[in-house]
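Reading through the structure tokens given below for one structure.
In the text below, chain A, chain B and the rest are named by the order of the sequence lines, each starting its count at 1.
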Protein chains: 2
Amino acid sequence: MQKPAIDHDYPENLDPRVEALVTQVIGRVADKWTMILLEVLTEHGEQRFSQLLRAADGISQKMLTQTLRQMERDGLVIRTVHAAVPPRVDYRLTDLGEGLSYAFCGVWVWAAKNVDRIESARAAFDAARER
Amino acid sequence: MQKPAIDHDYPENLDPRVEALVTQVIGRVADKWTMILLEVLTEHGEQRFSQLLRAADGISQKMLTQTLRQMERDGLVIRTVHAAVPPRVDYRLTDLGEGLSYAFCGVWVWAAKNVDRIESARAAFDAARER
DNA sequence: CTGAATCCTTGCTGATACTG
DNA sequence: CAGTATCAGCAAGGATTCAG
């Protein structure tokens with residue numbers, strides 16, 4: 001992005017260093033599983049590891065652990081270990097995490113609203129490619 | 001950034017089939033480069049291939065081609081080939097793409113606003129890990 | 001139950017070369 | 001200029017196993 005933003009209410013990132021930082025954060029946070037976990041934690045509140053594993057359909061245990069660590073590191077979730085047998089670990093959103101989840105809200109709405117348009121666009125594209 | 005999304009206008013995903021579809025679309029669209037290209041195309045309008053290559057800092061030519069194809073297939077961008085020498089190909093957002101870009105807007109704002117909080121959270125996390 | 005460690009497969013990425 | 005094609009290196013991700 002070399003040019004300044006024009007007619008938008010985007011925060012003016014005059015500093016290219018800030019610009020790069022934001023882009024990096026976006027890259028880190030605009031991840032499929034991060035988005036889904038934010039959504040699950042927002043809808044159901046505090047969740048255990050195994051609950052998240054079931055809720056985020058299709059995620060592997062490894063990915064879940066890894067994604068949760070990243071989110072914890074970025075200050076999006078808080079990890080609570082309960083000393084018990086069997087062990088129990090809860091994850092809940094921080095206010096930072098809630099803010100991000102809220103920001104993603106619009107994307108979910110958009111996706112839900114436009115699923116059919118995307119599907120037909122794909123069908124049209126693939127049909128054109130056939131020839 | 002305060003309350004669970006209960007008080008939001010999320011479409012209630014009663015049908016798990018729809019839920020799965022939406023999740024799939026999110027997974028497809030919640031991609032670093034897709035987000036960045038949407039942003040670039042929103043800010044600067046119609047762009048040529050080479051302009052996008054420069055604007056999306058760090059992307060490889062291969063990834064750019066690939067991402068643009070996916071976006072075209074999903075109906076997010078329109079690809080226009082101008083018969084000229086030298087050849088010229090322009091990409092511009094469809095209204096669907098503009099809608100998605102608009103939906104992502106909140107995430108950009110959030111990221112810009114919270115970069116420093118994330119950075120300090122990371123620092124704290126890494127410091128704690130040292131021990 | 002949580003999650004770390006291992007192996008192994010897939011796929012991105014970068015570089016390069018080649019068309020229209 | 002805007003791609004496609006190919007190859008090599010590397011990292012992401014899945015499945016499995018082991019440990020606290």
Side-chain angles (χ1 to χ4, degrees), chain A residues 2 20 23-24 26-37 40-41 44 46-74 76-92 125-126 128-131, chain B residues 23-24 26-37 40-41 44-73 76-92 125-126 128-131:
Chain A
Q2 57 243 49
T23 300
Q24 181 217 332
I26 290 282
R28 165 61 262 292
V29 128
D31 160 69
K32 178 187 175 183
W33 295 124
T34 300
M35 276 194 67
I36 290 177
L37 289 177
V40 171
L41 287 169
H44 303 109
E46 195 170 45
Q47 294 279 298
R48 307 183 50 170
F49 184 86
S50 53
Q51 289 179 299
L52 293 173
L53 197 57
R54 262 175 282 115
D57 199 46
I59 198 173
S60 67
Q61 192 198 56
K62 186 180 180 178
M63 254 295 105
L64 179 56
T65 302
Q66 188 174 312
T67 305
L68 285 171
R69 283 294 169 283
Q70 283 178 322
M71 292 173 73
E72 188 190 359
R73 187 172 110 99
D74 289 343
L76 302 177
V77 300
I78 290 180
R79 179 171 175 272
T80 310
V81 182
H82 299 276
V85 179
R88 177 202 180 93
V89 181
D90 287 331
Y91 294 88
R92 73 170 191 278
F125 185 88
D126 294 345
R129 276 243 136 190
E130 281 296 306
R131 289 183 263 104
Chain B
T23 300
Q24 182 216 331
I26 290 282
R28 165 61 262 289
V29 131
D31 159 70
K32 180 187 174 182
W33 294 125
T34 300
M35 278 194 66
I36 290 177
L37 290 176
V40 171
L41 287 168
H44 304 116
E46 196 169 42
Q47 294 280 297
R48 308 181 50 169
F49 184 86
S50 54
Q51 290 180 299
L52 293 174
L53 196 58
R54 264 175 280 114
D57 199 44
I59 199 173
S60 67
Q61 194 197 53
K62 192 177 179 181
M63 252 295 106
L64 178 56
T65 301
Q66 188 174 314
T67 305
L68 285 171
R69 283 294 171 285
Q70 282 179 323
M71 292 173 73
E72 188 190 359
R73 186 172 111 99
L76 302 178
V77 300
I78 290 180
R79 179 172 175 272
T80 310
V81 182
H82 300 275
V85 179
R88 177 201 180 94
V89 180
D90 286 331
Y91 294 88
R92 71 170 191 279
F125 184 88
D126 294 344
R129 278 246 134 186
E130 281 294 308
R131 290 182 263 105

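- Judged by closest nucleotide on DNA chain D, Y91(B) is the one of Y91(B) and M63(A) placed further toward the 5' end.
- Counting heavy atoms from C-beta on, the side chains of M63(B) and W33(B) come closer than 4.5 Å.
- Out of dC1(D), dA4(C), dC1(C), the shortest distance to the side chain of P86(B) is found at dC1(D).
- Atom pair Q70(B):CD and dG3(D):P shows a separation of 15 Å (rounding to whole Å applied).
- The distance from atom NE2 of H82(A) to atom C1' of dC1(C) is 13 Å, rounded to the nearest whole Å.
- The side chain of R88(B) places no N or O atom within less than 4.0 Å of a non-bridging phosphate oxygen (OP1 or OP2) of dG20(C).
- A straight line from CH2 of W33(A) to P of dA12(D) spans 17 Å, rounded to a whole angstrom.
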With sugar-phosphate taken as primed atoms, P, OP1 and OP2 and all else as base, the protein-contact string of nucleotides 15-20 of chain D at under 4.0 Å (heavy atoms; B, S, -) is B----B
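- Along DNA chain C, the nucleotide closest to Q66(B) and the one closest to V81(A) are compared, and the more 5′ of them pairs with V81(A).
- Here Q47(B) contributes atom CD and L53(B) contributes atom CG; the two are 12.0 Å apart, rounded to the nearest 0.5 Å.
- In this entry the distance linking CG of L68(A) with C1' of dA4(C) reads 14 Å, nearest Å.
- Looking at heavy atoms from C-beta onward, V89(A) lies out of side-chain contact with H82(A) at the 4.5 angstrom threshold.
- Between D90(A) and R92(A) there is no salt bridge, since no side-chain nitrogen of the basic residue lies less than 4.0 Å from a carboxylate oxygen of the acidic one.
- One atom, NZ of K32(A), and another, C1' of dG13(D), lie 12 Å apart when rounded to the nearest Å.
- Taking side-chain N and O atoms only, S50(A) has a distance below 4.0 Å to OP1 or OP2 of dT2(C).
- Between L68(B) and F49(B) the shortest side-chain heavy-atom distance falls below 4.5 Å.
- Looking at L64(B) and L37(B), their side chains come closer than 4.5 Å, going by heavy atoms from C-beta outward.
- Residues R79(A) and R69(A) are in side-chain contact: their nearest non-hydrogen atoms beyond the backbone lie under 4.5 Å apart.
- Comparing the start and finish of the helix from dC1(C)-dG20(D) to dG20(C)-dC1(D), five pairs each, the helix axis swings through 40°, to the nearest 10 degrees.
- In this structure the side chain of Q51(B) reaches within 4.5 angstrom of the side chain of R48(B), judged on heavy atoms.
- Listed pair R48(B) / dC1(D) fails the phosphate criterion, with no side-chain N or O lying under 4.0 Å from OP1 or OP2.
- One can place CG of L53(A) at 15 Å from C1' of dA4(C), the figure rounded to the nearest angstrom.
- Note: CD (E46(B)) to P (dA2(D)) measures 12 Å, nearest angstrom.
- Between the CG atom of D31(B) and the P atom of dG13(D) there is a distance of 12 Å, rounded to whole Å.
- OP1 or OP2 of dT2(C) has not a single side-chain nitrogen or oxygen of R79(A) nearer than 4.0 Å.
- Using a 4.5 Å heavy-atom cutoff, the side chains of I78(B) and T80(B) are in contact.
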When you look at T34(B) and R28(B), which way does the side-chain hydrogen bond (donor to acceptor under 3.5 Å, both in side chains) test go after all the steps?
-> CA-CA 9 Å; T34(B) 300; R28(B) 165 61 262 289; 3.0 Å; yes
